[in-house]
Amino acid sequence: MKKDFYEILGISKNADAAEIKKAYRKSALKYHPDKNPGDKEAEENFKLAAEAYEVLSDPNKKAKYDQYGHQAFDGSGGFGGGHGGMNMDDIFSQFGDIFGGGFGGFGGGGGGPRRAKGSNLRIKVKLTLDEIANGVEKKVKVKRKVQAKGVTYKTCSTCNGQGQVMRVTNTILGRMQSASTCPTCGGSGQILDKRPSEADAQGMVVEDETVSIKIPAGVVDGMQLKVSNKGNDAPGNSVPGDLIVAIEELEHEFLKREGENIHFDLYISFPEAVLGVSKDIEAINGKVRIKLEEGIQSGKILRLKGKGIPSINGYGSGDLLVHVNVWTPKTLNKEQKQFFENALNDEHFIPSPEKSEKSFFEKVKDMFS
Ligand SMILES: [Zn+2]
């Protein structure tokens, strides 16, 4: 059952236009989303009030509503089936007409007078590959502008706290109103009243604050994270700006990151390649032991599944790719030299790649598929 429009605005059926407007203004102020951030019920009431006002402020619609109730608008393209016909933008633009630009939309930008927002602060955080792989909580010191102790603000008299001033011009279409940011208060609707001696012209002081930033695993160099409300304060009844955290990845001594995969160049000696060997290799979160079969070829890539960087979305991890490089000795003693000279025409030393041993190009193709 849909609630009665008069009930929503808390007025009687005999209310005149001025009373309706006043009642709407009152509930709009009370339920305004800026005053009730995240409160779904308030938003619902805010929409209901706007819908009620939309009908009751229009003499034709009001007459229909008085006679037929909500049925008057069912299926007629008006408010049939609820208040889906009005979105928040409609409501906010309606405000401008009713209250002379007394309200703005969400998120700033379009025509202000809402709680002013302080400026954003920016910092850079340098992370090691291990920190990126595991996620990390970083404590950073920031210098924030905050309202000084004992500072007070008063309503700006130029704009009556609206943050905007209306200019009325006469055109052939009639009187036109346009809004511009109040030159006295700069849009915040409030000006400094009592200024403590240490405060600046806006009543602000700079304070050191340690901010804790939770950085999820898998971030990428250049990525920006936002910590809400840890930027600068603004004067008056305002909300602080945000702290923007830019991620910088420090180069790892041995590991190379490529998206979610990590590459490691492993060098083994010629005898190790011939005889097979176990090696502790560098990996995220410490060393990993791998076993290389005897007769392993240079250029072989071993893939350690899941030993890379976790996906930032939380879907699995990349791999660690170990590139095997066989180190060819550059100098030999006499006996060694003799040994290899004897081996030159020995069948065991003649390259004979098997079909199953993929070429370098096939391996690269595999890695990216
Ligand atoms: Zn002002």
Side-chain angles (χ1 to χ4, degrees), residues 18 21-39 42-43 46 49-50 53 57 88-121 143-171 174-207 228-243:
K21 191 165 168 174
K22 203 175 144 194
Y24 174 44
R25 191 190 158 100
K26 205 175 132 193
S27 27
L29 274 170
K30 186 174 168 192
Y31 296 121
H32 196 280
D34 281 358
K35 281 198 178 164
N36 306 277
D39 185 342
E43 191 181 305
F46 183 72
Y53 180 75
S57 63
M88 283 306 222
D89 281 343
D90 290 340
I91 299 172
F92 285 119
S93 71
Q94 184 194 55
F95 273 177
D97 304 337
I98 305 165
F99 304 132
F103 291 87
F106 283 124
R114 48 198 307 277
R115 289 176 70 185
K117 189 168 179 180
S119 56
N120 291 342
L121 283 173
K143 287 187 180 301
R144 298 180 59 212
K145 273 189 181 179
V146 295
Q147 292 182 10
K149 257 210 174 88
V151 70
T152 56
Y153 296 90
K154 59 187 176 188
T155 303
C156 170
S157 56
T158 307
C159 62
N160 283 321
Q162 301 296 294
Q164 286 195 332
V165 285
M166 302 303 293
R167 206 169 296 135
V168 179
T169 41
N170 289 305
T171 73
R175 277 155 56 89
M176 301 279 281
Q177 277 196 326
S178 61
S180 59
T181 302
C182 172
T184 309
C185 63
S188 68
Q190 288 169 86
I191 53 167
L192 197 58
D193 184 21
K194 277 204 194 85
R195 177 162 83 96
S197 57
E198 74 278 13
D200 68 9
Q202 292 189 302
M204 317 291 280
V205 289
V206 175
E207 261 181 16
S228 291
N229 301 333
K230 288 295 177 188
N232 288 321
D233 250 343
N237 176 27
S238 58
V239 288
D242 302 321
L243 177 64

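Only this structure's heavy atoms are used, side chains among them; waters, hydrogens and symmetry mates stay out. Counting convention: from 1, in listed order, for ligands and their atoms alike.
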Does T152 use its side chain to pair, donor to acceptor, with the backbone of K194 at less than 3.5 Å?
-> yes
Test item: Q190 side-chain N/O and P235 main-chain N/O as donor-acceptor pair under 3.5 Å | no
Does the Q147 side chain pair with the main chain of A234, one donor and one acceptor, at a distance under 3.5 Å?
-> yes
Side chain of D242, backbone of N229: donor and acceptor closer than 3.5 Å?
-> yes
With distance as the sole test, does Y53 use its side chain to make a donor-acceptor pair with the main-chain N or O of A23 at under 3.5 Å?
-> no
Measure from the side-chain N and O atoms of N232 to the backbone N and O of K145, and report whether any donor-acceptor pair falls under 3.5 Å.
-> yes
Sub-2.8 Å protein N, O or S atoms surrounding the Zn ion (ligand 1) = C156 SG, C159 SG, C182 SG, C185 SG
